[in-house]
Amino acid sequence: MSEKKNPVSAAAEKVVEKVQDAVRTGNEIPGAPAAEAPSAEEPTRPRGPLPPKPDQSGPDTYSPTGRPTGAPQSRVAQNGAYLTTAQGARLYDTDHSLKAGPRGPVLLQDHHLREKVTHFDHERIPERVVHARGAAAHGVFRGYGAAAGISKAGFLAEDVETPVFVRFSTVLGSRGSADTVRDTRGFATKFYTDEGVFDLVGNNIPVFFIQDAIKFPDVIHAGKPHPDREIPQAQSAHDTFWDFVTLHTEATHHTLWNMSDRGIPRSYRMMEGFGVHTFRLVNAEGDTTLVKFHWKPKLGVHSLVWEEAQITAGVDPDFHRRDLADAIEAGAFPQWELGVQTFPDTEDQMFEGIDLLDPTKIVPEELAPVRPIGLMTLNANPSNFFAETEQVAFHLGHLVPGIDVTDDPLLQGRLFSYLDTQISRLGGPNFGQLPINRTHAPVNDMLRDGMHQSAVHRGVAPYRPNSLDGGCPFLAGADSGAYIEVPAEVPAARKVRDAPVSFDDHFSQARLFWLSMTPTEREHIVAAYTFELGKCWEAAVKERALKVLANIDPDLCTQVAAGLGLAVPEATVPLASVEPSAALSQLGQDWPVDGRIIGIVTDGADDLDGVREVRRAVLDAGMVPLVIAPAGGVLDRDGDPVTVQRTFTTARSTEFDAILLAGAPAPAADGYGARDAKVDDTAVATSVDPRLVLMLSEAYRHGKAIGAWGGGVGGLQAAGLPEGSAGVVVGDAASAVLQAVTRLLGGHRAWGRFSPAL
């Protein structure tokens with residue numbers, strides 16, 4: 001069982017101290033590629049590998065059989081000052097193949113060439129069929145003890161700290177796709193508990209497209225690029241997706257969530273997570289409770305606007321993974337509370353008329369509040385993407401005592417699929433021995449051999465019962481921490497391929513979601529449906545989609561039909577009478593601003609002291625300042641220097657959560673179309689760099705806070721942004737402007753700029 005003291009506590013504190021030390025010593029802006037600044041000349045004096053950056057960590061050092069080794073992480077990293085073969089022989093040259101003379105043929109005996117190229121040929125493993133593109137981080141989970149009455153799981157006990165590794169991902173795109181596409185996001189958490197690994201493998205949307213796992217190949221085949229052309233990549237705006245979801249209407253609820261702002265999150269740090277399924281928890285007395293798991297981000301739930309997402313996909317396709325890594329490096333550690341909705345474990349497994357085994361349904365929080373049971377903090381970036389983020393293997397069957405599954409048919413199929421996938425993708429059944437997947441609990445599984453076996457098993461009797469190994473391993477009982485499935489009753493029934501009648505309602509909860517949205521959020525949903533269906537070729541698919549929307553809400557259907565230029569169909573089922581749920585809307589609250597990116601525009605001529613002041617204040621508030629100027633380098637090099645992080649060439653509005661104007665720089669030397677296409681050579685010449693005007697107009701269009709003082713007011717005027725409009729702040733002092741902009745950031749966007757028609 002878990003103890004209240006856990007070694008990860010000290011490890012987590014060390015990571016925090018390393019990051020804080022880096023900030024104190026001047027590494028305030030995240031993104032430096034290495035732990036030390038390089039020299040301009042190639043180094044020639046032999047030295048060992050550089051250490052990882054302060055924000056980075058690797059898997060804790062456990063053996064393949066779950067024994068803590070006590071070894072520092074550097075013991076499993078590359079070491080030594082000299083280049084060697086894989087077997088450790090030092091090499092004197094790696095630039096030239098072994099040849100018969102300088103111009104002769106390459107010799108077959110060149111063992112270094114063959115080893116180097118052969119390994120390169122096999123560097124890549126098959127990418128995941130779904131969730132191929134992802135980003136991950138290490139962290140720690142601390143239990144509140146609030147779950148003690150419903151689960152005996154040790155890691156949920158009060159103040160128990162458990163190491164975690166979390167991978168966020170998109171579903172449809174390949175590894176090389178963009179982060180900001182409209183898609184469902186994966187939210188998978190590996191808990192390294194001392195009772196074994198527990199994997200909570202969920203999404204940022206609480207429901208799924210299908211009710212039965214046998215349909216999973218169908219929905220993914222429909223959502224993936226068309227098989228003849230392999231386009232479009234990483235998006236659902238095409239015929240096969242909409243053909244499927246309009247014929248298979250159990251997908252309606254999830255599709256509506258995906259067409260909402262939830263489909264384009266601002267950040268992984270600002271994204272909810274859901275276990276999707278109903279799980280069964282069991283306490284120390286054997287009592288059971290049904291639950292749904294929720295991850296609630298401390299920063300709130302925020303999204304991109306559609307144009308912003310599209311621009312970002314081209315300008316910075318790594319936007320989400322960069323945001324996560326930079327926030328951790330800057331010390332703005334993302335946090336989520338783990339909560340549960342609880343339900344009586346009744347024979348029918350229903351709650352307030354909602355079938356708890358239907359993964360296309362939610363239980364509104366007004367009916368079953370989310371009860372916090374622990375806090376997760378991500379505090380370290382991976383030190384190697386392939387070894388950790390790419391090789392991590394999740395499986396819903398990785399369970400610990402106190403947590404069990406239910407008969408949800410989608411969950412049941414996933415219990416098979418994940419294990420099968422890992423065996424194929426990671427080359428065999430021993431994927432659990434990869435360092436990132438190793439359990440922190442002792443292993444004696446009698447599972448021998450197989451590809452990539454890295455444990456050296458002892459004993460002569462890998463079977464039970466035996467006497468030759470002294471009877472070991474022995475079976476455990478409930479009193480010694482055994483995992484025992486809940487002895488639930490299985491009703492006597494005929495063998496059928498069918499679903500319960502309660503699974504037939506495909507529209508009432510979609511209507512609940514629609515009615516719970518604010519007018520602004522509804523506008524975004526209308527726009528998403530209009531765009532997605534407008535990209536379809538077949539008129540029949542569009543017409544069928546409108547029939548589905550008519551069963552959700554007539555206004556939604558009418559608005560989308562107008563955009564498509566099609567007739568409005570009648571509903572085919574009665575509109576459900578539902579109560580809206582305030583918990584489903586993202587708007588209307590104030591949230592922390594940790595890790596927000598603030599762009600500060602200056603050319604060094606206007607109030608550089610004000611720039612220094614707000615830059616320091618932004619850092620002190622836990623945000624990240626990026627100084628933007630016409631050219632790179634350092635401003636006031638001979639005084640108190642200010643480093644330029646972005647230029648008008650490299651900056652785009654989508655990177656920033658807010659923009660501060662200390663000045664309105666004149667057109668820079670590279671401000672013409674042949675050098676930078678963001679400049680329109682046919683536009684009327686202005687006294688302000690046109691790329692700044694573009695940046696401000698985009699930021700304003702996307703509802704971002706903008707502040708100006710002194711000469712910066714001229715930038716607002718050049719962009720045609722009226723003083724006093726929603727989210728635009730003008731003041732005499734830099735500090736006062738920053739304070740007002742920070743308050744606006746608490747609401748994420750200046751929503752008053754958007755005028756919904758609905």
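Because the structure is predicted, anything quoted here is derived from the model rather than measured. Values reported hereafter were calculated over all heavy atoms of this structure, with side chains retained and with hydrogens, waters and symmetry mates removed.
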Engineer: Does a side-chain heavy-atom distance below 4.5 Å link Asp60 with Arg438?
Structural biologist: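 No; the side chains remain at least 4.5 Å from each other.
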
Engineer: Establish, from distance only, whether the side-chain atoms of His254 and Thr184 form a donor-acceptor pair under 3.5 Å.
Structural biologist: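 The answer is yes; a qualifying pair exists.
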
Engineer: Determine the minimum heavy-atom distance between Leu415 and His395, stating which atoms define it.
Structural biologist: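 Looking at all heavy atoms of both residues, the closest pair is O-CE1, 2.9 Å.
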
Engineer: Would you say Asp404 and Tyr483 are linked by a side-chain donor-acceptor pair, where the criterion is simply a distance under 3.5 Å?
Structural biologist: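 Yes, side-chain donor-acceptor contact under 3.5 Å.
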
Engineer: Just checking, is any N or O donor in the side chain of Asp348 or Thr346 under 3.5 Å from an acceptor N or O on the other one?
Structural biologist: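 Short answer, yes.
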
Engineer: Salt-bridged, Arg142 to Glu158, with N to O below 4.0 Å?
Structural biologist: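 Looking at Glu158 together with Arg142, the answer is no, because their closest N to O distance does not fall below 4.0 Å.
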
Engineer: Do Glu250 and Thr360 pair up side chain to side chain, a donor and an acceptor below 3.5 Å, judged on atom types alone?
Structural biologist: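 The answer is no; no qualifying pair exists.
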
Engineer: For Arg425, enumerate each residue passing the side chain to side chain contact (heavy atoms under 4.5 Å, CB included) test, keeping only those at least two apart in sequence or located in another chain.
Structural biologist: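 For Arg425 the side chain to side chain contact (heavy atoms under 4.5 Å, CB included) partners, ignoring immediate neighbours, are Ile125, Pro126, Arg128, Glu390, Gln422.
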
Engineer: Would you kindly check if the NZ (Lys) or CZ (Arg) of Lys190 is within the cone defined by 45 degrees around the ring axis of Phe394 and under 6.0 Å from the six-membered ring centre?
Structural biologist: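 Positive - Lys190 is close enough to the ring of Phe394 and near enough to its axis.
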
Engineer: On a heavy-atom basis, which atom in Gly154 and which in Val160 lie closest, and how many Å separate them?
Structural biologist: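 Minimum heavy-atom separation between Gly154 and Val160: O-CG2, 3.7 Å.
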
Engineer: What pairs of residues pass the side-chain hydrogen bond (donor to acceptor under 3.5 Å, both in side chains) test when at least one of them lies in residues 487-504, not counting sequence neighbours?
Structural biologist: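 Non-adjacent pairs meeting side-chain hydrogen bond (donor to acceptor under 3.5 Å, both in side chains): Asp355-Ser502.
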
Engineer: Between Ser508 and Asp505, is there a side-chain donor-acceptor contact under 3.5 Å, judged purely by atom types and distance?
Structural biologist: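 Yes, Ser508 and Asp505 have a side-chain donor paired with an acceptor closer than 3.5 Å.
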
Engineer: For the residue pair Arg269 / Gln335, report whether a side-chain donor-acceptor contact shorter than 3.5 Å exists.
Structural biologist: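 Short answer, no.
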
Engineer: Does Phe386 CZ have over 12 foreign heavy atoms under 6.0 Å away?
Structural biologist: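 Above 12, so yes.
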
Engineer: Could you check whether any side-chain heavy atom of Leu426 comes within less than 4.5 Å of a side-chain heavy atom of Leu434, counting everything from C-beta outward?
Structural biologist: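 Side chain of Leu426 against side chain of Leu434, heavy atoms only: contact under 4.5 Å found.
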
Engineer: Apply side chain to side chain donor-acceptor pair (under 3.5 Å) to Arg448 and Gln453, showing your working.
Structural biologist: CA-CA 8 Å; Arg448 297 295 174 104; Gln453 176 62 258; over 6 Å; no

Engineer: Run the side chain to side chain donor-acceptor pair (under 3.5 Å) test on Gln211 and Asp358 for me, step by step, so that the C-alpha distance in whole Å, both residues' side-chain angles and the decisive distance to 0.1 Å come before the verdict.
Structural biologist: CA-CA 6 Å; Gln211 296 167 324; Asp358 183 350; 3.2 Å; yes

Engineer: Decide yes or no for Thr162 and Phe198: does some side-chain heavy atom of the first lie under 4.5 Å from some side-chain heavy atom of the second?
Structural biologist: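 A side-chain contact under 4.5 Å is absent here.
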
Engineer: So which pairs with a foot in residues 464-482 pass side-chain hydrogen bond (donor to acceptor under 3.5 Å, both in side chains), sequence neighbours left out?
Structural biologist: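 Qualifying pairs, neighbours excluded: none.
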
Engineer: Identify which one of Phe209, Trp514, Phe513 satisfies the ring-ring contact (aromatic ring centres under 6.0 Å, His included) criterion when paired with Trp257.
Structural biologist: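 Option passing the ring-ring contact (aromatic ring centres under 6.0 Å, His included) with Trp257: Phe513.
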
Engineer: Could you check Tyr192, Tyr144, Phe191 and say which one makes a ring-ring contact (aromatic ring centres under 6.0 Å, His included) with Phe155?
Structural biologist: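 Answer to the ring-ring contact (aromatic ring centres under 6.0 Å, His included) test with Phe155 among Tyr192, Tyr144, Phe191: Phe191.
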
Engineer: With sequence neighbours left out, write down each residue that passes side chain to side chain contact (heavy atoms under 4.5 Å, CB included) with Phe474, or none if nothing qualifies.
Structural biologist: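 By the side chain to side chain contact (heavy atoms under 4.5 Å, CB included) rule, Phe474 matches Cys472.
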
Engineer: For Ile214, look at atom CD1 and say whether over 12 heavy atoms of other residues, nucleotides or ligands are found less than 6.0 Å away.
Structural biologist: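 Atom CD1 in Ile214 is not crowded, with 12 or fewer foreign heavy atoms closer than 6.0 Å.
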
Engineer: Given side chains that start at C-beta, do those of Phe187 and Met271 come closer than 4.5 Å, heavy atoms only?
Structural biologist: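 Yes; the side chains approach each other to less than 4.5 Å.
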
Engineer: Listed by chain and number, what are the side chain to side chain donor-acceptor pair (under 3.5 Å) partners of Arg133, not counting sequence neighbours?
Structural biologist: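 Partners of Arg133 under the side chain to side chain donor-acceptor pair (under 3.5 Å) test: Asp179, Asp318.
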
Engineer: Less than 4.5 Å apart, side chain to side chain, heavy atoms only: is that true for Glu388 and Phe165?
Structural biologist: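 Yes. Closest side-chain heavy atoms under 4.5 Å.
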
Engineer: Is Asp218 salt-bridged to Lys215, going by a charged N under 4.0 Å from an acidic O?
Structural biologist: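 A salt bridge is present here (some side-chain N lies under 4.0 Å from a carboxylate O).
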
Engineer: Any side-chain donor-acceptor pair under 3.5 Å between Thr288 and Asp345?
Structural biologist: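 Result is yes, a qualifying pair exists.
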
Engineer: Given the rule in the side chain to side chain donor-acceptor pair (under 3.5 Å) test, do Gln433 and His452 qualify, once you have shown the distances and angles that lead to the verdict?
Structural biologist: CA-CA 9 Å; Gln433 295 182 17; His452 308 140; over 6 Å; no

Engineer: Does a side-chain heavy-atom distance below 4.5 Å link Thr421 with Val129?
Structural biologist: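 No; the side chains remain at least 4.5 Å from each other.
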
Engineer: Drop me the distance from Leu172's CG to Ser177's OG, to the nearest 0.5 angstrom.
Structural biologist: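 It is 9.0 Å, given to the nearest 0.5 Å.
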
Engineer: Tell me yes or no: between the side chains of Gln349 and Thr406, is some donor less than 3.5 Å from an acceptor?
Structural biologist: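 No, because no side-chain N or O of Gln349 sits under 3.5 Å from a partner of the opposite role on Thr406.
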
Engineer: May I ask you to test the Ile220-Val171 pair for a side-chain heavy-atom distance under 4.5 Å?
Structural biologist: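 A side-chain contact exists here, since the closest heavy-atom pair is under 4.5 Å.
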
Engineer: Strictly distance-based, threshold 3.5 Å: is any side-chain N or O of Ser151 a donor or acceptor partner for the main-chain N or O of Asn283?
Structural biologist: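 No, the answer is negative, given that no donor and acceptor are paired below the 3.5 Å cut-off.
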
Engineer: Between Gln56 and Asn381, do the side chains contain an N or O donor and an N or O acceptor separated by less than 3.5 Å?
Structural biologist: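 No, Asn381 and Gln56 have no side-chain donor paired with an acceptor closer than 3.5 Å.
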
Engineer: Salt bridge or not for Glu365 and Lys296, using N-O below 4.0 Å?
Structural biologist: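 Answer for the salt bridge query: yes.
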
Engineer: Does Val456 have any side chain to side chain contact (heavy atoms under 4.5 Å, CB included) partners at least two apart in sequence or in another chain, and if so, which?
Structural biologist: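 In terms of side chain to side chain contact (heavy atoms under 4.5 Å, CB included), with neighbours along the sequence ignored, Val456 is linked to no residue.
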
Engineer: Any donor-acceptor pair under 3.5 Å linking the side-chain atoms of Thr342 with those of Thr289?
Structural biologist: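 Looking only at side-chain atoms, Thr342 and Thr289 do not form any donor-acceptor pair under 3.5 Å.
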
Engineer: In terms of side-chain heavy atoms, does His277 have a donor or acceptor partner in Asp408 at a distance below 3.5 Å?
Structural biologist: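 Indeed, the side chains of His277 and Asp408 share at least one donor-acceptor pair under 3.5 Å.
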
